[in-house]
Novice: 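The structure's right below; bear with me while I get my questions together.
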Amino acid sequence: MNRFARIVSLLTLASLLSATFALADDNAVQDTFKSALYGGALGTLVGGALLIFTKKPGNHLDYLGYGAAAGVLAGTAYGVAKSVRALASIENGKFKMAMPTIIPDLVESPNSKTTTITWRADLLRGTF
């Protein structure tokens, strides 16, 4: 295993172990952690499936580490995008402030059939 794969594996392991001690009561953190964990498992499976296309699979076991790292990154990105936060929110009658999540949106123009990327951030969220 080369040096880069070892560093990526070590950082992935450290992030998974440290995430278990994160705020367990916060559903956003818990969902993001689950998405990262499932992404890592799925990425490892995809990396293992790619071994079938090599002549000597034993020489390319680093595909498992690369797949796991890519899966953890993709799962974490999915979990963060899924738990969108607003600048201010009202939950159960309590006012909360947080850093808003900036979300990219793809908008297709009906006239010119072009797609543009727009950026969105929620400023206020609540149930009234």
Novice: Mind checking side chain to side chain contact (heavy atoms under 4.5 Å, CB included) for Tyr38 and listing every partner two or more places apart, or none if nothing turns up?
Specialist: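 By the side chain to side chain contact (heavy atoms under 4.5 Å, CB included) rule, Tyr38 matches Lys34.
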Novice: What is the distance from atom OG1 of Thr32 to atom CG of Leu37, rounded to the nearest 0.5 Å?
Specialist: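 That separation rounds to 12.5 Å.
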Novice: For the residue pair Thr44 and Ala68, what are the closest heavy atoms and their distance?
Specialist: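 Here Thr44 and Ala68 meet closest at OG1-CB, 3.2 Å.
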Novice: Can you name the closest pair of heavy atoms from Gly75 and Ser35 and give their distance?
Specialist: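 Here Gly75 and Ser35 meet closest at O-CB, 3.2 Å.
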Novice: For residues 48-59, which side-chain donor-acceptor pairs fall under 3.5 Å, sequence neighbours excluded?
Specialist:
{"from": "Thr54", "atom 1": "OG1", "to": "Leu51", "atom 2": "O", "distance (Å)": "2.8"}

Novice: Give the minimum heavy-atom separation between Gly47 and Leu64, together with the two atoms involved.
Specialist: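 That would be C-CD2, 4.0 Å.
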Novice: With sequence neighbours left out, what residues match Ala69 under side chain to side chain contact (heavy atoms under 4.5 Å, CB included)?
Specialist: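 Ala69: side chain to side chain contact (heavy atoms under 4.5 Å, CB included) contacts with Val8, Thr12.
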